[in-house]
Amino acid sequence: MKQIIIIYFLLMIFGGSYAQTDFIIGDKIPKTLHFKAIHAEGGLLDIASSNEQITILDFFHTSCVTCIESIPKLMAVQKSLGNKVKIMMVTKQDKNTIEKFFKTNKFLADKNADIPMIVGDTLLSKWFRHESFPHVVFLKDNVVRAITHSDFIKSKVILDLLEKDEIRVIRKNDYLLNEIKESAHNLENKLYTITGYDDAKSPWNGIKFEKLNNDSLKASFNNTSFFIACIALKSIIKKPSFLMLPERVEWNVPIKDKYQYPDDGTGSNVWLMENGICYERSFSQSLDSISIAKLVIHDLEEYFRVHMMEKVKNKNCLVIKQIDATMVENDAVPIVHKLEGSSVLAFLLDYSGEFPPTIDEADYKGVIEIGNFETLEELNYQLAGYGLHVERKSREYDIIEFRKYD
């Protein structure tokens, strides 16, 4: 009861600050406030920060796999930096739900995870609204210094903020709030402009075409990789007939990781800040989208000195073949997929990401009903009744090669 009265008193005094929503970079938050928490002394956490100690809020939900996987890393950073930082997670979920989750989640139990977490939050999630998790806030001397992704909770980032008063991270802005933007360093060509990652520009949402006046239009894209831009442009020129699996891409460049996201999918936001690109160029309205796409690809190839080529190469793959149909008992396998022919089956196998590219040589037009499967043996058992079989072979198929040139 005493705690409730104190909080009520604080709300009366600082009502304007506590009622505020959407704190942005540069805003100062109220100094004195404790929150109900687990893995915290006295069951409370204080989010106050100073010039000698950074506070990091990492918003969490039990459905967020990335959030869960990041916990051991956050604990390691906290242990390494000691009193220089306070890393705490924040969730709207109640205390009982979170305590039960930590006890029953095998990954967290195996890691002896006990990271401090504010539970039952109703205030911080209004101060720092977000649509996706993780969502991370850096505070120094009770001032919001960054709103970003969990990739940036690293010792170097924290120490740079603490010792140099500098922080270089990607700004996460789920609601496109009106924040102060820092312009990227421009590298200009006579015809086009290419810059690095730029917080002032919208996230990647494809190639945009905007009418400027009666005679010209602008083609642009923002904050993406060289590879994604090239593939998106290529799809304008020619409708894709297959998924761009890793096996369909070959890199003959000194450092592949400059042009596309890391293969393991980790640290993608850090990578984007270091290697992401923005592009814009004006064109005559007399040009169609295919002609413009070809010119933009040429600009990118010229700037990066990397040529994109379509080739046919003999490589390992899966092949769908026709065989004599065999009656099998599939009653024990619940039907999950109803596929309109073997071409859709090939797409399903590609989309799973578990297999090499699939070539459909059966050209089966009937409906295929199958359940879930983990191996080709399990799949082939279900396909036998349709006279279909999938096997590992090598075939010639289309690939894209990126080759460095002088």
Side-chain angles (χ1 to χ4, degrees), residues 24-26 56 58 66 70 128 130-138 144-161 164-189 191-210 218-233 251 253-281 296-297 299-306 308 402 404:
I24 61 175
I25 295 170
I56 297 176
D58 188 350
T66 303
S70 72
F128 304 103
H130 51 279
E131 287 188 336
S132 61
F133 299 94
H135 188 75
V136 173
V137 179
F138 281 72
V144 181
R145 297 301 302 272
I147 300 174
T148 186
H149 305 266
S150 63
D151 307 32
F152 295 98
I153 304 180
K154 295 185 172 184
S155 295
K156 184 181 186 307
V157 175
I158 295 167
L159 291 175
D160 281 350
L161 178 57
K164 303 177 184 178
D165 202 34
E166 298 175 351
I167 185 164
R168 184 166 180 261
V169 297
I170 287 179
R171 187 166 297 164
K172 185 173 184 284
N173 193 342
D174 292 355
Y175 294 93
L176 299 178
L177 304 174
N178 184 26
E179 299 186 18
I180 299 172
K181 305 296 182 180
E182 299 174 0
S183 60
H185 177 63
N186 286 353
L187 300 172
E188 295 188 359
N189 180 279
L191 296 175
Y192 57 84
T193 299
I194 292 179
T195 69
Y197 178 88
D198 190 346
D199 263 336
K201 296 181 178 178
S202 60
W204 162 256
N205 59 356
I207 312 298
K208 295 177 62 179
F209 297 95
E210 302 173 73
K218 181 177 75 173
S220 65
F221 58 81
N222 299 321
N223 298 329
T224 189
S225 70
F226 168 82
F227 171 72
I228 288 178
C230 286
I231 297 304
L233 290 160
W251 292 92
V253 297
I255 306 175
K256 181 186 72 172
D257 287 347
K258 287 178 59 178
Y259 308 102
Q260 69 165 359
Y261 289 99
D263 290 336
D264 60 7
T266 60
S268 58
N269 292 299
V270 175
W271 183 94
L272 187 62
M273 186 178 69
E274 299 289 341
N275 300 284
I277 58 172
C278 303
Y279 168 97
E280 66 178 54
R281 175 178 171 176
V296 176
I297 288 176
D299 291 345
L300 293 174
E301 290 180 333
E302 178 186 67
Y303 181 82
F304 286 98
R305 314 303 291 174
V306 173
M308 178 175 67
F402 291 90
K404 189 78 173 177

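Count residues from 1 along the sequence. Since we're looking at a predicted model, the values are computed, not measured.
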Evaluate N205 against F221 for side-chain contact (heavy atoms from CB on, under 4.5 Å), listing each step before the verdict. CA-CA 7 Å; N205 59 356; F221 58 81; over 6 Å; no
Of all residues at least two apart in sequence or in a different chain, which pass the side-chain contact (heavy atoms from CB on, under 4.5 Å) check with V270? D151, F152, K154
Assess the residue pair V253 and V306 against the criterion (side-chain contact (heavy atoms from CB on, under 4.5 Å)); give the C-alpha distance rounded to whole Å, side-chain angles, the decisive distance to 0.1 Å, and a yes or no. CA-CA 8 Å; V253 297; V306 173; 4.2 Å; yes
I want to check something: taking the side chain as every heavy atom from C-beta on, are I277 and N222 in contact at a cut-off of under 4.5 Å? no
Under 30°, 30 to 60°, or over 60°: which ring-plane class applies to H135 and H130, parallel, tilted or perpendicular? parallel
Indicate yes or no: at least one non-hydrogen side-chain atom of D299 is less than 4.5 angstrom from one of R281. yes
Hey, what do you get for CG (L272) to CG (N269), rounding to the nearest 0.5 Å? 6.5 Å
Is the side chain of E280 donor-acceptor paired with the backbone N or O of I194 at a distance under 3.5 Å, no angle test? no
Looking at K404 and F304, would you say the former's side chain and the latter's main chain have a donor-acceptor pair under 3.5 Å? yes
Compare all side-chain heavy atoms of T66 with those of F133 and state whether any distance is below 4.5 angstrom. no
Strictly distance-based, threshold 3.5 Å: is any side-chain N or O of W204 a donor or acceptor partner for the main-chain N or O of S225? no
Do T148 and R171 come within less than 4.5 Å of each other through their side chains, counting heavy atoms only? no
Determine whether the aromatic ring centres of residues Y259 and F227 are separated by less than 6.0 angstrom. no
Dump the intermediate steps for side-chain contact (heavy atoms from CB on, under 4.5 Å) on V137 and I56, then the final yes or no. CA-CA 6 Å; V137 179; I56 297 176; over 6 Å; no
R145 and its side-chain contact (heavy atoms from CB on, under 4.5 Å) partner, picked from V169, D165, I25: D165
Can you tell me how far the CG atom of N275 sits from the CD1 atom of I255, to the nearest 0.5 Å? 9.5 Å
Do F138 and I167 touch side chain to side chain, with heavy atoms closer than 4.5 Å? yes
Would you say the side chain of Q260 lies within less than 4.5 Å of the side chain of W251, judging by non-hydrogen atoms? yes
Does some side-chain heavy atom of C278 sit less than 4.5 Å from a side-chain heavy atom of N223? yes
Could you please spell out the steps behind the side chain to side chain donor-acceptor pair (under 3.5 Å) verdict for K208 and S202? CA-CA 11 Å; K208 295 177 62 179; S202 60; 5.0 Å; no
Give the C-alpha distance, both sets of side-chain angles, the deciding distance and a yes or no for side-chain contact (heavy atoms from CB on, under 4.5 Å) between V136 and I147. CA-CA 6 Å; V136 173; I147 300 174; over 6 Å; no
By side chain to side chain donor-acceptor pair (under 3.5 Å) - contacts of E210 (at least two apart): none
Between OG of S155 and CD1 of I158, what distance do you get to the nearest 0.5 Å? 6.0 Å
K201 side chain to S220 side chain, donor-acceptor N/O pair below 3.5 angstrom: no
Quick one: do R168 and D160 make a salt bridge, cutoff under 4.0 Å? no
Are the side chains of I207 and Y279 in contact, using a 4.5 Å heavy-atom criterion? no
Side chains of Y192 and E302: any donor to acceptor distance under 3.5 Å? yes
From H149 NE2 over to S132 OG, what is the distance, rounded to the nearest 0.5 angstrom? 7.5 Å
Shortest non-hydrogen separation from I297 to C230 and the atoms involved: CD1-O, 4.4 Å
Contacts of R305 meeting salt bridge (charged side-chain N to carboxylate O under 4.0 Å, His left out) (sequence neighbours excluded), chain-then-number -> none
